[in-house]
2 protein chains.
Amino acid sequence: MSAPGSGIQVRSKIWLEIDGQPVFGQGREELLRLVQKSGSINAAAKAMGITYRKAWTYIDAMEKRLGFPLVNRLKGGSGGGESTLTPHAETLLEKFDILQQGFNEMVNRKFVELDFKGL
Amino acid sequence: MSAPGSGIQVRSKIWLEIDGQPVFGQGREELLRLVQKSGSINAAAKAMGITYRKAWTYIDAMEKRLGFPLVNRLKGGSGGGESTLTPHAETLLEKFDILQQGFNEMVNRKFVELDFKGL
DNA sequence: TTTTGGTTATACCAAAAACGCATAACGGTA
DNA sequence: TACCGTTATGCGTTTTTGGTATAACCAAAA
C-alpha cells in the first residue's frame, strides 16, 4: 500500500443557487464562455467534450431557474443557426469570474501549509 | 415572474481528492465527528438523518481511497458493538477543520460586494 | 448452555438520474 | 426546391443511488 497522504489533493468550488437548486458554476461558466466565443451551442459542447444534448440541458435548466434568458438562439439560416449571449449572461459571467478569482490559489496555499501529504 | 437575481445565493465547498475521486468533504467530516461523539456508526447516521447503509458506504469509500482505516469497528458485545476513530481520522478532522475555517464567510462577503442580487 | 439485544456488514431489488442516439424543425443559400 | 448545419426534443438504455431485508457477531443476562 502507498504511503498515507500521497496523491491527495484539495479541490474547491463556488456556485450559485436558487431555492437550493444549482444555477451557475464553473462548468456552466465555461460553457457560456464557449458559446460567447463560438456563437454556437453545438460548437461549445464539442469544445468541452460533452454532447449537444447535455449542453442544451444545462442552459435550459439555468434559464428556467434564473427566470431570464441567457442565450439568444436562432434556428436555420445560413450557418444553420447561431447562439449569442444576452446582456444578463454577460453580467453574470463577469461577476462570477471576479467572485472566483484567487480562491483556488488561496485554498491550495493553506493545503500545503497544513501538510496534508504527511498525514 | 420574480425580479432577476432575487432569491439567488452563493455556496461553496472544499474537499479532498485522490485520483480525482472525492475522499473527504463537509458531509463526511460531520459523519466522522458524530461517530467520534457517539461511538457508533448507526447513531451517527441517525443524527445526520441518513440511513446506516449510506453512512457505511461513505466510510468504506473513504478508507478504500485513502488506503488506511478511519474507524475501528467492533461487532457484537455488550452494546452490540461500537466504533471509534483512528488517530489518522482525528488528524484528518483537525486539519480539514482549519482548512475550511473562514472560507465560507469570505465567499459570502465577496458575493454581497458584487451585488449578485441586483443582476 | 441458551437467549437476548443492538451493532456492524452485505446482498439484492427498486427508484431515480444521467446518458446518448435518433429524429424533427428551421431558414438562408445555391 | 434541395441542401446544410444548427437548434430542439422524444425516448429507450445505462449508470448511479437509495432503501429494505437479512446475516454475522459477541458480551451479558437468563
Side-chain angles (χ1 to χ4, degrees), chain A residues 13 15 17 19-28 30-66 68-86 89, chain B residues 13 15 17 19-28 30-66 68-86 89:
Chain A
K13 94 200 246 195
W15 71 100
E17 282 189 359
D19 300 330
Q21 300 293 313
V23 144
F24 199 77
Q26 301 175 91
R28 299 163 204 237
E30 186 186 353
L31 180 58
L32 288 192
R33 289 212 178 279
L34 287 168
V35 170
Q36 183 180 45
K37 189 170 148 194
S38 65
S40 155
I41 296 175
N42 195 16
K46 283 196 178 111
M48 281 190 71
I50 63 177
T51 63
Y52 169 83
R53 182 70 164 89
K54 193 168 183 177
W56 183 89
T57 303
Y58 279 169
I59 295 173
D60 188 62
M62 275 192 276
E63 292 183 331
K64 283 216 174 83
R65 286 170 189 166
L66 282 169
F68 52 82
L70 296 171
V71 177
N72 297 313
R73 290 114 132 161
L74 287 180
K75 270 194 205 172
S78 65
E82 61 172 344
S83 294
T84 56
L85 297 191
T86 66
Chain B
K13 87 201 251 195
W15 71 100
E17 282 189 358
D19 299 330
Q21 299 293 313
V23 143
F24 199 76
Q26 300 173 92
R28 299 163 205 239
E30 187 186 352
L31 180 60
L32 288 192
R33 288 212 178 281
L34 288 168
V35 170
Q36 183 179 45
K37 190 171 146 193
S38 67
S40 155
I41 296 175
N42 195 17
K46 283 196 179 111
M48 281 190 71
I50 63 177
T51 61
Y52 169 84
R53 173 60 212 269
K54 196 167 182 176
W56 183 88
T57 303
Y58 280 169
I59 295 174
D60 187 62
M62 276 193 275
E63 292 184 332
K64 283 216 174 84
R65 286 170 188 164
L66 282 170
F68 52 83
L70 296 171
V71 177
N72 297 313
R73 292 115 133 158
L74 288 180
K75 273 193 203 172
S78 65
E82 62 173 341
S83 294
T84 56
L85 298 190
T86 66

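Reminder, nothing fancy here: chain letters follow the sequence lines and each chain counts from 1.
- Base contact: G77(B) has a heavy atom under 4.0 Å from a base atom.
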Please assess D60(A) against K64(A) for the test side chain to side chain contact (heavy atoms under 4.5 Å, CB included), listing each intermediate value before the final yes or no.
-> CA-CA 6 Å; D60(A) 188 62; K64(A) 283 216 174 83; 2.7 Å; yes
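- Side chain of R65(B) to main chain of P22(B): a donor-acceptor pair is present (N/O by atom type, distance under 3.5 Å, no hydrogens or angles).
- With rounding to the nearest 0.5 Å, the separation of NZ in K13(B) from CH2 in W15(A) is 5.5 Å.
- Between chain A and DNA chain D, the heavy-atom contact criterion of under 4.0 Å yields a 5' to 3' nucleotide range of dG5(D) to dC11(D).
- DNA chain C is contacted by T51(A), R53(A), K54(A) of residues 45-61 of chain A, taking any non-hydrogen atom closer than 4.0 Å.
- When the C1' atom of dT8(C) is taken as reference, atom CG of L85(B) falls 16 Å away, rounded to whole Å.
- Spacing between atom CD of E82(B) and atom P of dT7(C) amounts to 11 Å, rounded to whole angstrom units.
- The shortest distance between side-chain heavy atoms of L32(A) and F24(A) falls below 4.5 Å.
- Interatomic distance, CD of Q36(B) versus CG of L70(B), reported as 12.0 Å (0.5 Å rounding).
- Closest heavy-atom contact between M48(A) and L34(A): CG-CD1, 3.2 Å.
- A 3.5 Å limit on both hydrogen-bonding distances identifies dA30(C) as the Watson-Crick or G-U partner of dT1(D).
- Contact annotation for G81(B): backbone-only contact, meaning every heavy-atom pair under 4.0 Å involves sugar-phosphate atoms and none involves a base.
- One finds no side-chain N or O of S40(B) lying less than 4.0 angstrom from the OP1 or OP2 phosphate oxygen of dG6(C).
- Not a single donor-acceptor pair under 3.5 Å links the side chain of S83(A) to the backbone N or O of V71(A).
- In terms of modelled atom types and a separation under 3.5 Å, the side chain of Q21(B) and the main chain of A61(B) share no donor-acceptor contact.
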